[in-house]
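Everything quoted here is computed from the prediction, not taken from an experiment. Position 1 is the first residue of the sequence; numbering continues from there.
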Amino acid sequence: MIALIVVIAGLLVGLVMGALGGGGAIMTVPLLTLALGLPPTHATVGSLVVVISGAISGLVSHLRRRHVRPGIGVVFGALGTGGAVLAANVSGLMDDAVLLTLFSALLVVVAAAMIVKNTRRRSPRPSSNHDGPENRLV
């Protein structure tokens with residue numbers, strides 16, 4: 001039964017990452033803790049494996065299409081790696097309940113921000129003939 005849960009959860013995470021470009025860590029931690037009963041620290045490490053594999057596959061695909069800005073990627077990646085090392089050391093010192101509570105709070109804040117942004121984007125705007133950068137999807 002556990003193997004079936006792992007297969008379904010892995011496919012679900014992969015589909016979301018492929019369709020939306022992210023979500024591996026956001027989905028993996030709750031799936032591993034709630035569905036498989038792993039401690040949050042182990043689930044966090046598992047989510048890192050998912051993020052790394054998803055990032056590598058996405059990078060290869062975008063490199064082929066020349067959609068990568070290596071300079072920005074290297075700087076952003078180096079800073080992100082430094083932050084990840086620091087946060088991994090701090091989270092290892094936290095109680096599992098505190099870690100899951102902080103993770104849950106982060107999900108709520110991100111969801112609220114996305115809802116607010118999406119609601120503002122869909123609100124009616126006065127029509128104009130100007131097609132400046134603020135009117136283009138990035």
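Atoms CZ and CG, on R64 and L59 in that order, are 10.5 Å from each other to the nearest 0.5 Å. Taking OG of S57 as the start and CE of M17 as the end, the distance is 6.5 Å to the nearest 0.5 Å. Note that the CG atom of L38 and the OG1 atom of T28 stand 11.0 Å from one another [nearest 0.5 Å]. To the nearest 0.5 Å, atom CG of residue L63 and atom CD1 of residue I56 are 11.5 Å apart. Atom CD1 of residue I5 and atom CG of residue L12 lie 13.0 Å apart, to the nearest 0.5 angstrom. How far OG1 of T119 is from CE of M114: 11.5 Å, rounded to the nearest 0.5 Å.
More than 12 heavy-atom neighbours from other residues, nucleotides or ligands sit within 6.0 angstrom of CZ on R65. Residue-environment remark: CG (L79) exceeds the threshold of 12 foreign heavy atoms within 6.0 Å.
With hydrophobic clusters built from ILVMFWY side chains whose heavy atoms lie under 4.5 angstrom apart, I26 does not share a cluster with V109. Taken together through direct or relayed side-chain contacts under 4.5 Å among Ile, Leu, Val, Met, Phe, Trp and Tyr, V29 and V49 form parts of separate hydrophobic clusters. L15 and I8 fall into different hydrophobic clusters, where Ile, Leu, Val, Met, Phe, Trp and Tyr side chains are chained together by heavy-atom contacts under 4.5 Å. If you chain together hydrophobic residues whose side chains sit under 4.5 Å apart, V90 and L99 fall into the same group. Connection of L31 to V50 is established within a shared hydrophobic cluster, with ILVMFWY side chains joined at heavy-atom distances below 4.5 Å, either directly or through further cluster members.
Between L32 and G46, the closest heavy-atom pair is CD1-CA, 4.2 Å. Contact detail for S91 and T41: the closest heavy-atom pair is O-CG2, 4.4 Å. P40 and T33 make their closest contact through CA-CG2, 3.9 Å (heavy atoms, listed as atom of the first residue, atom of the second, distance).
With contacts defined as side-chain heavy-atom distances shorter than 4.5 Å, the pair L102/V98 qualifies.
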